[in-house]
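Report on the following structure.
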Protein chains: 2
Amino acid sequence: MAIDRKQLILEAAKKSFSLFGYKATTMDQVAKLANVGKGTIYTFFKSKEEILDEIVTSLIRDMKAEAENAIDPNSRFDENIHRVLIRFLEFRKSHQLTIKLFQEEREIGTKAVVDVIQRVEQAIIDYMKGIIQDAIDRGEIKECNPEITAFVMLETYVALIFDWEQHHPPLDKEEMSDLFKLYFFEGLLK
Amino acid sequence: MAIDRKQLILEAAKKSFSLFGYKATTMDQVAKLANVGKGTIYTFFKSKEEILDEIVTSLIRDMKAEAENAIDPNSRFDENIHRVLIRFLEFRKSHQLTIKLFQEEREIGTKAVVDVIQRVEQAIIDYMKGIIQDAIDRGEIKECNPEITAFVMLETYVALIFDWEQHHPPLDKEEMSDLFKLYFFEGLLK
DNA sequence: AAATGACCAAATGAACAAATTAGTCATTAC
DNA sequence: GTAATGACTAATTTGTTCATTTGGTCATTT
C-alpha cells in the first residue's frame, strides 16, 4: 500500500506549526518535511489555511476525547465540570501546537489563527453547554442559560490560570477547585 | 493670580491623549494646546510618561468617587458590589480617555500605557477588596480571599460586558445583575 | 492519473534616507 | 534673578525602494 500523502502533509504541517507558528511556516518547508512536491499539497488542500483548519478540527476532536474521560458518572456535576475545564486548559498548556497558536494569536494576530482559536473556544463552550444542559435536565442545578454559564466558567478559569499568574503566585488545582465551588455552586451569601 | 500652567498642561495632555492616544500625542502638540513653551512642560514634569501617570492618578480618583456614590448603605452587599462594578465599567466605556487608552493597550501595547492600565485595574481591585472585606467582617458573606474574589468578579464583568458582545447580542444591566446574583451569591446548586 | 517543481504575481522585509520626536539648555522676557 | 521659552540634538520612527520570499498554478514528467 502506498504511503498516505495527505497524512504525511498534515503531520509535517502540524510539526512545523508547532515549532515555528502558522505564519512562519512556509509551504516549501511543509513540502520538504513531508517529502512531497509542493504541488502535491494542493491536490489535497486548497490553501495553507485549509491545512490549519483540518489540523485544528482534529485537535478539537482530541480535546473532546480528553475531556470525555475526565468525566466520572458517579461524581457530582460541579466536580465533573471542574475536571473538564482543567483538562481543556492543561491540554492547551501542554501541547506545543496550542501554545504556539495562542501565542501567535496574542502577539501577531494572524487572521487565520484568530479564526481558528475562536473555533477552539466555541467548541469548548459547546461541549460544556451540553454538560450543563444535562445537569439542568437532571435537576442537579438551577435553570440558567447554558451558553452564558459555559462562557463565564471558561473565562473565569482562563483568568485564574493565565491572568492571575501575571501578577500573583499561581493557584494549584486544589485551590482552583475550592474557589470554583465557592463562587459558582455554593454562592457567597451566608 | 497668574494662570496655573501645570493645570493647563495636564488638561492639554488629557485632551490630546483622549483624541489621539498616548503614543500619537507629541510634546510639541501638548505645548501648543496648553499655550506654553515646550521647555515649560519639563519644569513641571520630568517626562511624557509622568504626565500620563499624573492624569491617570486623578482618573483613578474620579473613578473611585463615582464608585463611592454607587453605594447605598441600605442595600445588600451583592447589590452594592454589582452597582460599583457597573459604574467602573460604564466609566471606562463612556470616557474618551479610557476608551483610547484601553484601545492603545490592546492594539499597540505602548509600554507606558500597559503600565497605566495595570494600575487602573489594580486600583479597582483594591477598592473592591475593601468592600468585600467589610462584607466578610459584617458577616454578610462567607470567608474568602478578598483579592481573588475581587479579581474574579472584575474579570467576569469585563468578560460579560466586553467579550460576550463580540459574538452575541449584548446583555442589559438587568440580565447582568441576575447572572451575577445567580453565579456569585446564590450559587448554581439546588 | 498522480506527482512534481519551475514559474509567477503578490507579499514581505532589509536597508537606507528623511522626517519626527522627547528631552536639554543657552537665551530671553519680565 | 527667575520663570518661560523654543532652537537644538540624539535617538527613534517613518517612508521608500527594491531584492527576496511566499502562496499558489500549471505544463511537464513519472
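Lettering follows sequence order; numbering is per chain, from 1.
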Original post:
Can you tell me how far P of D:dT25 sits from CZ of A:Phe44, to the nearest Å?
Top reply: 16 Å
Subject >> Upstream residue (5' side of DNA chain C) when A:Ile41 and A:Asp28 are each assigned their closest nucleotide >> reply: A:Ile41
Subject >> Pair of N/O donor and acceptor under 3.5 Å linking D:dG24 base with A:Lys48 side chain >> reply: no
Original post:
Quick one: A:Ile108 CD1 to C:dT12 C1', roughly how many Å, whole number?
Top reply: 13 Å
Original post:
Do A:Ser75 and A:Arg83 have a side chain donor and acceptor closer than 3.5 Å?
Top reply: yes
Original post:
Once you round it to whole Å, what is the distance between P of D:dT5 and CE of B:Met27?
Top reply: 14 Å
Subject >> Between A:Thr149 and B:Tyr183: side-chain donor-acceptor atoms closer than 3.5 Å >> reply: yes
Subject >> A:Gln122 versus A:Glu147, side-chain donor and acceptor atoms under 3.5 Å >> reply: yes
Subject >> B:Lys38 NZ - D:dA4 C1' separation (whole Å) >> reply: 15 Å
**OP:** Specify the separation, in whole Å, of atom NZ of A:Lys32 and atom P of D:dT22.
**Re:** 11 Å
**OP:** Round to a whole Å and report the spacing from CZ of A:Phe45 to C1' of C:dA3.
**Re:** 15 Å
**OP:** Examine the base of C:dG23 for any acceptor or donor lying under 3.5 Å from a partner atom in the side chain of B:Lys46, and report the outcome as yes or no.
**Re:** no
Original post:
In whole Å, what is the span from the CD1 atom of B:Ile51 to the C1' atom of C:dT21?
Top reply: 14 Å
Original post:
Is the A:Phe180-A:Phe185 ring centre distance short of 6.0 angstrom?
Top reply: yes
Subject >> Most 5' of A:Lys23 and A:Gly39 on DNA chain D, judged by nearest nucleotide >> reply: A:Lys23
Subject >> Residue B:Thr26, side-chain atoms from C-beta onward, closest of D:dA4, D:dG23, C:dA22 >> reply: C:dA22
Subject >> Euclidean distance, atom CG of residue A:Leu8 to atom P of C:dA2 [Å, nearest integer] >> reply: 17 Å
Original post:
Which part of the nucleic acid, if any, lies within contact of B:Thr40, taking any heavy atom under 4.0 Å across all strands shown: a base, the sugar-phosphate backbone alone, or nothing?
Top reply: base
Original post:
Can B:Glu49 and B:Tyr22 be counted as having a side-chain donor-acceptor contact under 3.5 angstrom?
Top reply: no
**OP:** Could you tell me whether the phosphate oxygens of D:dA3, OP1 or OP2, come under 4.0 Å of any side-chain nitrogen or oxygen in B:Arg5?
**Re:** no
